[in-house]
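Everything below concerns the one structure shown next.
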Amino acid sequence: QVQLVESGGGLVQAGDSLRLSCAASASTFNICAMGWFRQAPGKEREFVASTHWIDGSTIYADSVKGRFTISRDNVKNTVYLQMNGLKPEETAVYYCAARSGVCLYTPRSYSDYRYWGRGTQVTVSS
C-alpha cells in the first residue's frame with residue numbers, strides 16, 4: 001500500500017509561483033508513474049502533469065505547458081510540481097497520484113492511477 005501526502009499549497013496572487021510536493025510513505029519500488037491532477041469547485045478532476053518513475057519522461061496538459069514542471073526524486077520518494085505564472089482559474093485542490101506495476105507509457109488518465117493523496121488547496125487571487 002502506498003500513501004501519498006501533498007504539501008505546498010497556499011494562497012498566491014496571479015502570476016506568482018508555488019511548488020507542490022508529494023511524498024510517498026512506503027517503498028516506491030513497484031511504482032511506475034506519478035502524476036498531478038486538480039479539481040476546481042463544481043468541475044471534474046483534470047490531469048495536470050505526470051512523470052514516469054523509471055525513465056523520467058514527462059507529459060503535461062496543454063494548459064500548463066511551459067509554466068509547470070513536474071520532477072521526481074527517487075531517493076526521497078517524492079514528486080514535485082513547480083507552478084509558475086499561476087492564473088486565478090487554476091484555483092483548485094491539487095491531488096497527487098501514483099500508479100503501480102508496469103507503465104508502457106506515462107499515463108494521464110484518472111483511471112490509470114490507483115493511489116491518491118488527500119489533496120492540497122491552491123488559491124490564486126486576481
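Quick caveat, the model's predicted, so the values are computed rather than measured.
Listed by first and then second residue, the ring-ring contact (aromatic ring centres under 6.0 Å, His included) pairs involving residues 86-108 amount to none (not counting sequence neighbours). Residue pairs meeting the salt bridge (Lys or Arg N to Asp or Glu O under 4.0 Å) criterion with at least one partner in residues 114-126, sequence neighbours excluded, do not occur; the list is empty. Contacts classified as disulfide bond (SG atoms under 2.5 Å apart) and involving residues 97-126 (residues at least two apart or in different chains) are given here: C32-C103. Among residues at least two apart or in separate chains, ring-ring contact (aromatic ring centres under 6.0 Å, His included) pairs with a member in residues 106-126 are F37-Y113, F37-W116, Y110-W116. The list of salt bridge (Lys or Arg N to Asp or Glu O under 4.0 Å) pairs with a residue in residues 35-46, not counting sequence neighbours, reads R38-E46, R38-E90.
V2 and A24 get closest at one heavy-atom pair: CG1-CB, 4.1 Å. Nearest heavy atoms, L81 versus A49: CD1-CB, 4.2 Å. Pairing each heavy atom of N74 with each of N77, the nearest pair is O-OD1, 3.1 Å. The two residues P107 and R99 make their nearest non-hydrogen contact at CG-CD, 3.8 Å. Considering all non-hydrogen atoms of both residues, T106 and S57 come closest at OG1-OG, 2.9 Å.
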Extract all donor-acceptor atom pairs below 3.5 Å that involve side chains of residues 12-22 and protein atoms in other chains or at least two apart in sequence.
| unit_1 | atom_1 | unit_2 | atom_2 | d |
| --- | --- | --- | --- | --- |
| D16 | OD2 | Q13 | N | 3.1 |
| S17 | OG | N84 | OD1 | 2.8 |

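The line from CG of L86 to OG1 of T91 is 8.5 Å long, rounded to the nearest 0.5 Å. Here CG of L4 is found 4.5 Å from SG of C96. Values are rounded to the nearest 0.5 Å. For the atom pair CD1 of I59 and CZ of R108, the computed distance is 5.0 Å after rounding to the nearest 0.5 Å.
Inter-residue side-chain proximity for T120 and V93 is flagged as unmet; no heavy-atom pair is nearer than 4.5 Å. No side-chain heavy atom of Y60 sits under 4.5 Å from any side-chain heavy atom of D62.
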Step by step, work out the side chain to side chain contact (heavy atoms under 4.5 Å, CB included) result for T69 and Y80.
-> CA-CA 8 Å; T69 302; Y80 305 97; over 6 Å; no

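In this structure, S50 contributes its side chain and M34 its backbone to no donor-acceptor pair below 3.5 Å. Under the 3.5 Å distance criterion, the side-chain polar atoms of S63 are left unmatched by any main-chain donor or acceptor of A61.
Follow the hydrophobic side-chain contacts under 4.5 Å out from V122 and you reach I70 in the same cluster. Two different hydrophobic clusters hold W53 and F47 under the rule that ILVMFWY side chains link at heavy-atom gaps under 4.5 Å.
There is a side-chain donor-acceptor pair under 3.5 Å between T123 and Q121.
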